[in-house]
K.L.:
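Structure in structure tokens, see below.
Per chain, numbering begins at 1; letters A, B, ... match sequence-line order. These numbers were taken from a predicted model, which means no experiment stands behind them.
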Number of protein chains: 4
Amino acid sequence: MSSLPPGVALAPKRQRGRDRVAAILEAATALFAEKSYEAATMTEVALRSGTAIGSLYRFFPTKEVLAVALLERYGERLLHALDRLIDRDPPLSVADAAAGLLEIVRCLRTERSVVLSLIDSGIAWQAGTGTLRTALIGRMGGLLSRLGGSPGAHDERAVILLHLVKAIFALPQDGPGPQSAGDVEAEAVLRLYLEHSARSAPHG
Amino acid sequence: MSSLPPGVALAPKRQRGRDRVAAILEAATALFAEKSYEAATMTEVALRSGTAIGSLYRFFPTKEVLAVALLERYGERLLHALDRLIDRDPPLSVADAAAGLLEIVRCLRTERSVVLSLIDSGIAWQAGTGTLRTALIGRMGGLLSRLGGSPGAHDERAVILLHLVKAIFALPQDGPGPQSAGDVEAEAVLRLYLEHSARSAPHG
Amino acid sequence: MSSLPPGVALAPKRQRGRDRVAAILEAATALFAEKSYEAATMTEVALRSGTAIGSLYRFFPTKEVLAVALLERYGERLLHALDRLIDRDPPLSVADAAAGLLEIVRCLRTERSVVLSLIDSGIAWQAGTGTLRTALIGRMGGLLSRLGGSPGAHDERAVILLHLVKAIFALPQDGPGPQSAGDVEAEAVLRLYLEHSARSAPHG
Amino acid sequence: MSSLPPGVALAPKRQRGRDRVAAILEAATALFAEKSYEAATMTEVALRSGTAIGSLYRFFPTKEVLAVALLERYGERLLHALDRLIDRDPPLSVADAAAGLLEIVRCLRTERSVVLSLIDSGIAWQAGTGTLRTALIGRMGGLLSRLGGSPGAHDERAVILLHLVKAIFALPQDGPGPQSAGDVEAEAVLRLYLEHSARSAPHG
DNA sequence: GATGAATGAGCATTCATTCAT
DNA sequence: GATGAATGAATGCTCATTCAT
């Protein structure tokens, strides 16, 4: 009962512990975003979250475990948002899909740096279930399917679409205003490519 | 420690030195690509290039200087290739431009990761000229200008275009074949966006 | 690396830490005295104090911080002793002052080398107050004032007096006996110079 | 004929070599003075003297050998100057002696830092013949003898006198003017102590 | 369970010195 | 004999991680 498989974050049982964990995740999010996975230090995470370094290690026995926890947290949000978009009831138009993707990106932009820095640091996510990357490509494929077009090229297109979304994530964010010039162009890129895909050949 | 200008790589004066420098650059290229600027260590570069750590530092007095050298090496290639594309004589069509960009990406793909990892590490380059990033955005702007369209949005579009190119750089490279499915789609993205930009409003 | 104020020695919060700090200071005293600030190495300090290098850096995040701690420790003793001498109640005679200075030197002789090597390394001390050197010169001036004499030359004389005291500090110490021949002569030097200063011109 | 005892500077046979050596010694003087024996580097000495590092090592096979050469050079000058003072023909008055000592110090002041930094770095000088220190103490004793006073205390007094001279060497030098305020006071210290010694008891 | 001290491998960098050309 | 490249031990310092209290 005492030797859990290492590599998993310990789930805290009491309220106090859950608050701790939340504070830690928040601090880590900020630090990984400001610096990078490698440049951020566990000591700093502890400091910023008001946790003793020893306590930090109780919940996250490894820096990598902490990173994975973050990846899961934001990855799940991202996946859920994508699922909601794909399954939206009145069938999606291309314009809706482009706007929806951009909206997702904009909502998660605050935490985007974490995701980007973690995706690119090669940290594995849910070893068994496949990577975040795989899951995201799956969703992109789903989106393309809903919009129609020749299914033959969907696999490559999903990859490209994912890269486009990542590129938009990486875009410097100009002000929180409703629609910056950059956003307009970003949405254009998405729309153009989705149109292109939907147009590619009639279903079946 | 103080009288030697520490900002520039020392040029080797003998053949032996020139070989060593070449070996170092090669090893560093590989390592910065595999890991990242921050994760790669000078000791590893030395080891991988068969150089004593002291010799490494003779030519590259700082990790950053080494990175800058790499940036210049690949950055210059990239910029030259872009310049050739922009200034090609029979004025470019949108399709030519897209194909040209993709071609450039394909040719430099081997060294792509280095460039990517160094661009994003924000290392300054050519003291006066600003970052590689800045230079690249300038080229993208130049390309958009040649293709026409409302010049008002060129700044934002140049940024977007750079991100698209970066995304394509980052694409997993499938075989060295002439035109993989991924390449076709990548070219489509570029063409669509360049068309969109060129169409945006009549010149003048 | 960035959020922690790196300018001050971290105060240990537990007994174990306080012991360690004491051991470190002792070892550093010895080493800085035997060699010099520059020649002594942190690794050696760690070794000699039975501390892991990491622990040493926990409390003294920089070699300079360690030096400053030493400087404060011994500098404060020295300054307090000088203050007690200057403010002694029955106004000082020249002979008393000379004897007093010598006595101070003799008491602090064990740690003299550290002070000497640190004074001359120009390490800043107590951010606002300037160097130990400055503080000492101030005290020497105070002593000269109490003994009378033309105040016009006190600044230069304070500097000279400090150098005399330093010279006596540097004297090879012959046995712990009450008054060695060297001490007699050293006291003579001080007395002669203080007399000379006091005689220089009537007050006002 | 090829394996000379290590530790001695190789005497150059040709003019070219003698110039080299002179340049090296000059550069080393400046550097040791500006920084310190430990902080100055052989590479810097080579650079500053326009010598290749390999050539520097031909003449001075060790950093310490270089230091010893400097020590000898300045030590000899100092000793000669002292000898001239001691043996000056119309027998010396105390005032003359004080003025003479100060004059010597002032003349060698440019190079004082080297001597000070080398004396205090514990580098041995002429292993067989004794240290510079010993030689200097001898001269101080000689000077005291010429001025009269009880010879019993001359040994201790010579040591003290040497320390006084060293202290004056270390004095911050204010302008090259003929007699700065500091110099006046420094001469006073010397005169007072020499008088005290000469007065101590009638000869014999 | 929380706290913070302890640990030590590792990192970027320096520099005296040697050696091949 | 001159040159400069090569060498590697050593330095100041960092940081993930463990352990005693």
Side-chain angles (χ1 to χ4, degrees), chain A residues 10 12-14 16-17 20 38-46 51-64 66, chain B residues 1 4 6 10 12-21 38-46 50-64 66, chain C residues 1 4 6 10 12-21 38-46 50-64 66, chain D residues 10 12-14 16-17 20 38-46 51-64 66:
Chain A
L10 198 71
K13 295 276 154 55
R14 312 198 187 158
R16 180 106 175 271
R20 264 288 133 86
E38 347 225 25
T41 76
M42 291 297 267
T43 309
E44 238 174 328
V45 172
T51 309
I53 183 71
S55 308
L56 170 53
Y57 269 89
R58 174 158 302 279
F59 296 116
F60 301 98
T62 277
K63 194 184 180 186
E64 195 178 328
L66 175 56
Chain B
M1 182 221 265
L4 312 164
L10 196 74
K13 297 184 185 168
R14 298 185 187 174
Q15 186 52 40
R16 183 115 173 258
R18 240 163 292 135
D19 293 352
R20 190 119 307 192
V21 164
E38 344 213 37
T41 78
M42 291 298 266
T43 310
E44 228 173 334
V45 173
T51 306
I53 184 68
S55 306
L56 170 53
Y57 272 91
R58 172 172 185 82
F59 297 111
F60 302 98
T62 277
K63 192 182 177 185
E64 194 180 329
L66 176 56
Chain C
M1 182 222 265
L4 312 161
L10 195 76
K13 298 184 183 165
R14 298 184 186 172
Q15 186 52 42
R16 184 115 172 259
R18 241 164 291 135
D19 292 352
R20 190 121 306 192
V21 164
E38 345 214 38
T41 79
M42 291 298 265
T43 309
E44 228 174 334
V45 173
T51 307
I53 185 68
S55 305
L56 170 52
Y57 274 92
R58 172 173 186 81
F59 297 111
F60 301 98
T62 279
K63 193 181 178 188
E64 193 178 328
L66 176 56
Chain D
L10 197 71
K13 295 275 154 55
R14 312 201 186 154
R16 180 106 176 273
R20 265 288 134 85
E38 347 225 26
T41 77
M42 291 298 267
T43 307
E44 239 174 327
V45 172
T51 308
I53 184 71
S55 308
L56 170 52
Y57 270 89
R58 175 159 301 278
F59 295 116
F60 301 98
T62 277
K63 193 181 181 187
E64 195 177 329
L66 175 56

K.L.:
Report the C-alpha separation of D/M42 and D/L66 in whole Å, then their side-chain angles, then the decisive distance to 0.1 Å, and conclude whether the side chain to side chain contact (heavy atoms under 4.5 Å, CB included) test is met.
P.N.:
CA-CA 9 Å; D/M42 291 298 267; D/L66 175 56; 4.0 Å; yes
K.L.:
Taking protein heavy atoms under 4.0 Å as touching, what does nucleotides 6-12 of chain E look like 5' to 3' if B marks base contact, S marks sugar-phosphate-only contact and - marks none?
P.N.:
SBBB-SS
K.L.:
Please report the shortest heavy-atom distance between C/A39 and D/E38, naming the atom on each side.
P.N.:
CB-OE1, 3.6 Å
K.L.:
Less than 4.5 Å apart, side chain to side chain, heavy atoms only: is that true for D/Y57 and D/T62?
P.N.:
no
K.L.:
Do you know which two heavy atoms are closest between A/A52 and A/A46, and how far apart they sit?
P.N.:
C-CB, 4.3 Å
K.L.:
Would you kindly give the CG-to-P distance between B/D19 and E/dT21, to the nearest whole Å?
P.N.:
12 Å
K.L.:
Does the structure show a Watson-Crick or G-U wobble partner for F/dA20, both distances under 3.5 Å? Name it, or say none.
P.N.:
E/dT3
K.L.:
If you take all heavy atoms of B/F59 and B/P61, which pair is closest and at what distance?
P.N.:
O-CD, 3.5 Å
K.L.:
CZ of B/F60 versus P of E/dT14: gap in Å, rounded?
P.N.:
15 Å
